[in-house]
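In what follows, chains carry the letters A, B, and so on, assigned in the order in which the sequence lines appear, proteins first and then strands, with residues in each chain numbered from 1.
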Amino acid sequence: MSIRLNKQQEAAVTAPDGPALVLAGAGTGKTRVIVERLSWLVEERGIDPRHLLALTFTNRAAAEMGERFAQRLGVERVPSWLGTFHAFGLYVLRREMEQLGRPKQFTIFDTSDQSSLMKRLVRDLPAKYAKVTPRDALGWISRLKQEVQTPEDVAVITPEDEACAALWTQYHEALRRGNAVDFDDLLVLLVRLLADREGVREKYQRRYRYVLIDEYQDTNRAQYLIARHLSAAHGNLFVVGDEDQSIYSWRGADINNILDFAKDFESATVYRLEENYRSTQAILDAANAVVAHNVNRLGKTLRATQPGKDAVGIYIAEDGDAEARWVVQDMAKQGYAPSSVAVLYRTNSQSRLMEESLRTRGLHYQVVGGMQFYSRKEIKDILAYLRLLVNPDDDESVRRVINVPARGIGAKSLEALEVYGVERKQPLMRVMRDVEGDETFPARARQSMVAFVDLIDSVALSAKQSTLEETVERLVKETGYRKFVEESDEKDFRTRLEIVDEFIASCRDYDRKSGNDVLTFLQDMSLVSDADAWKGSEPAVSLMTCHSAKGLEFDHVYLIGMEEGLLPFGIDAEEKGLIEEERRLCYVAMTRARKRLVLTAAVNRTLYGRTDRNRELSRFIKEAGKDRLVSLNEKATKPVAKARPVGAALAAGGEDKIKTGTRVRHAKFGPGRVLYTTGTGDKLKAKIRFETGRMATLMVAQAPLEIL
DNA sequence: GAGCGAAACGAGGAT
DNA sequence: CGTTTCGCTC
């Protein structure tokens, strides 16, 4: 397993002090170089591991780095600081928040907190302002913050800009009142500490003598400044990245950070890693051919070291349904182990058809992202309750749970509460403490409010000497939340209850591992990401977006939905200047495959409940080159006498071919005869008696049947 | 105020 | 297609 470092890697690992850029193509052993570099600094250069700081973008990458580094040094845990930029921001803010004149204890707003807050702000925005959507306003604000700017720094030109600038102020006032920060703040406030507080800057510069950054192409302005400040005193900034894998511009990532690194840090040494240890030459050739169409790149030529004979496949399906069915059928036919397969797509909504198809076949799968555990309503509700325990000023959480379960404080009462809060400049919980004799509110609402406050107070009090698990147990019991979930909609109450119990189990885990208090738990929780949920060891097919797949690798990859509008996404990617990023995204997805890569597309696709017909194939298919792709579609000229898949027969309007008496062959059960059919189209089912004596009712469209 | 069905509306990617 | 909002009744 332990291969020797190649010349390029060796050079990068032993780079002299000072700034260094490692341009590392996909699959060239990036993580390995960082781990080896860390080990080399400790073992050969005698650096105390506590002086090492390695920053990444995902918890998974950080965890992997930590494990391998520890293993390399032969210790249980390394004392170096390894983690994501956001986690590092939180780490420093926990210690230095008071330097910014803010309370030490704060909670973190996630995207759903942000959007519900912004929704209200937009709704209540005075009519003199232009109409903007909450989404656009949040995007406008976030873009500025990622560049560490404020509305004063930029030209506020259009009426929409003006509206956003007004919302900026209100948004931040709300955060301050709620004693909260958002994701961007974790970086922005860290930059402010490092830029404005000399004492803080020097403290962390002294502590971290070597700064290493993975996926440098994904850094935004704030992250760039953090890197600059931390390394300013010693210049030991070692960054690794691949400009061809820059896919997060919408999150503020600036590809120029990596493109200009050598200019920016004048004494920088540059290394290139071009030997690919992951994919076959066929896969690399196709992926390289696609990304070579980009102009804005430094350029690398990847060489495969792995042998392999499978050409990159292309399959064009009739529609999304057929595409999903074919993919599942193909992976079964090839006999792939589920864990070796990934299905990658551009948008989360594409997972649905794949899930249905996999379920029909009885194959295990795991979906990464989308409606994830932590974005479930039940989890959000419980987290909101927990937040109230430690931060009663958090009005966003009050609004979320004040009437969940229903306790007689409806929209009207809440509105009256809000008005009071604004008048008295007091958080909602505070207002509720004063409503006891106030006739403004109906008696029932008043009683409920007092009961609610008492409830939160009593749980908060007992939480001080309880474990997290005990607190959550008490919470769901005494707020009636558990009962509420139990009694909810028959169909999914089991899963909803399971979610609650699973959350409690994870709290128990947290208690055991850390023993931290509720506030720390909440802060840690907000940094858990969707990609963290992926378990490589699970015996299941992995389904995820191309974005989530970054940094992962699989023996077999199906990249589905290769159509204009989907990948590249949007009809105007070209005009918007986003086409190169879409191309890089395609490149990232393709280079996840070790042994076999298959691209698929659908001619007709249902989006937003409407079916789009005769869709155009993705330009990336043409860019990959026809001679580099092999068609996996059935040849239309195949002799009729030869058995052909029923799916194709249906597509050709041959639904009536399957009827009572039709002789068929099943891939597993062998030959048999149709006794009768029910349903039509995709739902057509056939009762079949096989020659083995076995009887089965099968979905014609999905079963591996051939007409004889 | 709660609960229900109908209508309207809306999703790119996610630390 | 899935989710949120609306409008009605109890």
Report yes if a side-chain nitrogen or oxygen of [X] is closer than 4.0 Å to either non-bridging phosphate oxygen (OP1 or OP2) of [N]; otherwise report no.
| X | N | result |
| --- | --- | --- |
| Lys119(A) | dT5(C) | yes |
| Thr545(A) | dG12(B) | no |
| Thr111(A) | dA14(B) | no |
| Arg352(A) | dG2(C) | yes |

Practice item. Using only heavy-atom distances, decide whether a donor-acceptor pair under 3.5 angstrom links the side-chain of Glu581(A) to the base of dG13(B). Key: no

Tell me the interatomic distance from [X], atom [atom1], to [N], atom [atom2], rounded to whole angstroms.
| X | N | atom1 | atom2 | answer |
| --- | --- | --- | --- | --- |
| Arg605(A) | dC1(C) | CZ | C1' | 14 Å |
| Leu55(A) | dT15(B) | CG | P | 17 Å |
| Asp321(A) | dC1(C) | CG | P | 10 Å |
| Tyr224(A) | dT15(B) | OH | P | 26 Å |
| Gln447(A) | dG1(B) | CD | C1' | 15 Å |
| Asp524(A) | dT15(B) | CG | P | 16 Å |

Using 4.0 Å as the upper bound for N to carboxylate O, is an ion pair formed by [Y] and [X]?
| X | Y | answer |
| --- | --- | --- |
| Arg400(A) | Asp381(A) | yes |
| Asp244(A) | Arg584(A) | no |
| Asp110(A) | Lys380(A) | yes |
| Arg352(A) | Glu356(A) | yes |

Heavy atoms only, 4.0 Å cut-off, all strands: where does [X] land among base, sugar-phosphate and nothing?
| X | answer |
| --- | --- |
| Thr58(A) | nothing |
| Arg444(A) | sugar-phosphate |
| Asn59(A) | nothing |
| Thr606(A) | nothing |
| Ala411(A) | sugar-phosphate |

Under 3.5 Å between N/O atoms: give me all the protein pairs with nucleotides 3-11 of chain B, atom names plus distance.
none

**Study point:** Within-4.5 Å side-chain heavy-atom neighbours: Tyr510(A) and Asp524(A)
**Key:** yes

Review point. Are the side chains of Thr347(A) and Thr545(A) in touch, meaning some heavy atoms are under 4.5 Å apart?
Key: no

**Study point:** Between OG1 on residue Thr219(A) and CZ on residue Arg221(A), distance to nearest 0.5 Å
**Key:** 10.5 Å

Check your understanding: Given Asp242(A) and Tyr216(A), is the side-chain hydrogen bond (donor to acceptor under 3.5 Å, both in side chains) satisfied, shown in steps?
Key -> CA-CA 8 Å; Asp242(A) 178 1; Tyr216(A) 189 71; over 6 Å; no

Revision key, fill the gap. Contact check, residues 237-250 of chain A vs DNA chain B, heavy-atom distance under 4.0 Å, returns Trp250(A)

Exercise for review: For this output row, return yes or no: ring centroids of Phe441(A) and Tyr420(A) closer than 6.0 angstrom.
Suggested key: yes

